[in-house]
Amino acid sequence: MHIGRALRKDSQPEVLAAEHRSALSVVVFAGPIRMGTLATAERVGAPAMTKTVALLEGEGMVTRAADPDDDRAVLIRATRKGATAVRRGRDERVRRIEHALAQLGPEARQRVAAAMGDLEEVIDLLEKENRRRSGATLPSL
């Protein structure tokens, strides 16, 4: 959380708020996705997600289409513009983290590298638990 805040603090001003970027990221990496599944993944209600998707759609980041498997459902898909925005943001964060790590001494970098496997395992366990609790069928991001 602290790393995420530090990365946001010094970044360029964003067109989208953090919650909109988060929803867009889910659509990019897990989509096309139903509106309800997206709301569950983001832990918000359907009305809030409907507003978020409308904003993203207005920015040209996503499109909506009827779900071919269920006429009552809507699928949200990222546009090329949306996918590009997510990937550029991720690439910029990775570059900044790499730059910060390069400033650490060799021993500190080794400790960080050694901890990464354990941290990834913890993240996987938490994501599995979240999916189990919510019944969501999102793949790991």
Side-chain angles (χ1 to χ4, degrees), residues 1-104 106-141:
M1 199 165 33
H2 294 288
I3 290 173
R5 281 191 196 131
L7 289 168
R8 281 192 308 270
K9 192 178 276 187
D10 292 333
S11 67
Q12 299 294 325
E14 297 283 347
V15 173
L16 300 174
E19 62 270 20
H20 303 137
R21 290 190 313 270
S22 178
L24 178 59
S25 292
V26 172
V27 174
V28 168
F29 294 111
I33 188 170
R34 285 184 174 193
M35 183 79 77
T37 305
L38 180 57
T40 298
E42 290 296 287
R43 297 181 182 263
V44 299
M49 188 50 63
T50 299
K51 288 179 184 177
T52 293
V53 168
L55 185 142
L56 292 171
E57 194 172 30
E59 292 292 329
M61 303 284 188
V62 301
T63 61
R64 297 183 216 211
D67 185 336
D69 297 329
D70 184 349
D71 291 338
R72 300 166 296 165
V74 173
L75 288 177
I76 312 304
R77 286 183 170 84
T79 63
R80 184 176 306 220
K81 179 180 178 181
T84 298
V86 168
R87 288 188 176 96
R88 280 186 182 152
R90 181 194 58 202
D91 292 348
E92 176 60 22
R93 288 187 300 277
V94 168
R95 278 192 292 280
R96 292 184 63 210
I97 291 169
E98 285 175 341
H99 178 73
L101 288 170
Q103 295 178 56
L104 297 177
E107 296 85 14
R109 282 195 304 272
Q110 285 178 335
R111 287 191 304 273
V112 170
M116 289 311 297
D118 294 335
L119 290 172
E120 288 174 352
E121 187 174 341
V122 168
I123 291 166
D124 287 343
L125 291 169
L126 291 170
E127 287 177 343
K128 286 177 187 173
E129 178 65 16
N130 287 341
R131 285 192 302 275
R132 186 190 63 73
R133 285 184 182 176
S134 70
T137 58
L138 288 175
S140 294
L141 305 175

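This chain uses plain numbering: 1 for the first residue, then up along the sequence. Since the model is a prediction, treat every value here as computed from it, not as a measurement.
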Find the distance between [atom1] ([X]) and [atom2] ([Y]) and round it off to the nearest 0.5 Å.
X	Y	atom1	atom2	result
Thr50	Met35	OG1	CE	4.5 Å
Arg21	Thr52	CZ	OG1	12.5 Å
His20	Leu24	NE2	CG	10.5 Å

Taking every non-hydrogen atom, the tightest pair across [X] and [Y]:
X	Y	answer
Val28	Ala83	CG2-CA, 3.8 Å
Gly60	Thr79	O-OG1, 2.6 Å
Pro68	Leu75	CD-CD1, 3.9 Å

Non-neighbouring partners of [X] that pass side-chain hydrogen bond (donor to acceptor under 3.5 Å, both in side chains), sequence neighbours left out:
X	result
Arg88	none
Ser22	Glu42
His99	Gln103
Glu59	none

Which one of Val74, Val53, Val62 satisfies the side-chain contact (heavy atoms from CB on, under 4.5 Å) criterion with Leu38?
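Output: one option passes, namely Val53.
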Can you tell whether the side chains of Glu92 and Arg95 come within less than 4.0 Å, N to carboxylate O?
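Arg95 and Glu92: salt-bridged.
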Give the intermediate values and the outcome of side-chain contact (heavy atoms from CB on, under 4.5 Å) for residues Leu16 and Leu55.
CA-CA 9 Å; Leu16 300 174; Leu55 185 142; 3.5 Å; yes
Tell me, do Met61 and Val27 make a side-chain contact under 4.5 Å, heavy atoms counted?
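SC-SC contact between Met61 and Val27 ruled out.
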Does atom CG (Leu101) have a neighbourhood of more than 12 heavy atoms from anything else shown, all under 6.0 Å?
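Check passes, neighbour count above 12.
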For residues 110-121, run the donor-acceptor check on the side chains, cut-off 3.5 Å, and write out each pair with its distance to 0.1 Å, sequence neighbours left out.
none

For residues 61-83, which residue pairs qualify under salt bridge (Lys or Arg N to Asp or Glu O under 4.0 Å), counting only residues two or more places apart or in two chains?
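Applying salt bridge (Lys or Arg N to Asp or Glu O under 4.0 Å) to every pair that reaches into residues 61-83, excluding sequence neighbours, yields Arg34-Asp67, Arg34-Asp70, Glu57-Arg64, Asp70-Arg72.
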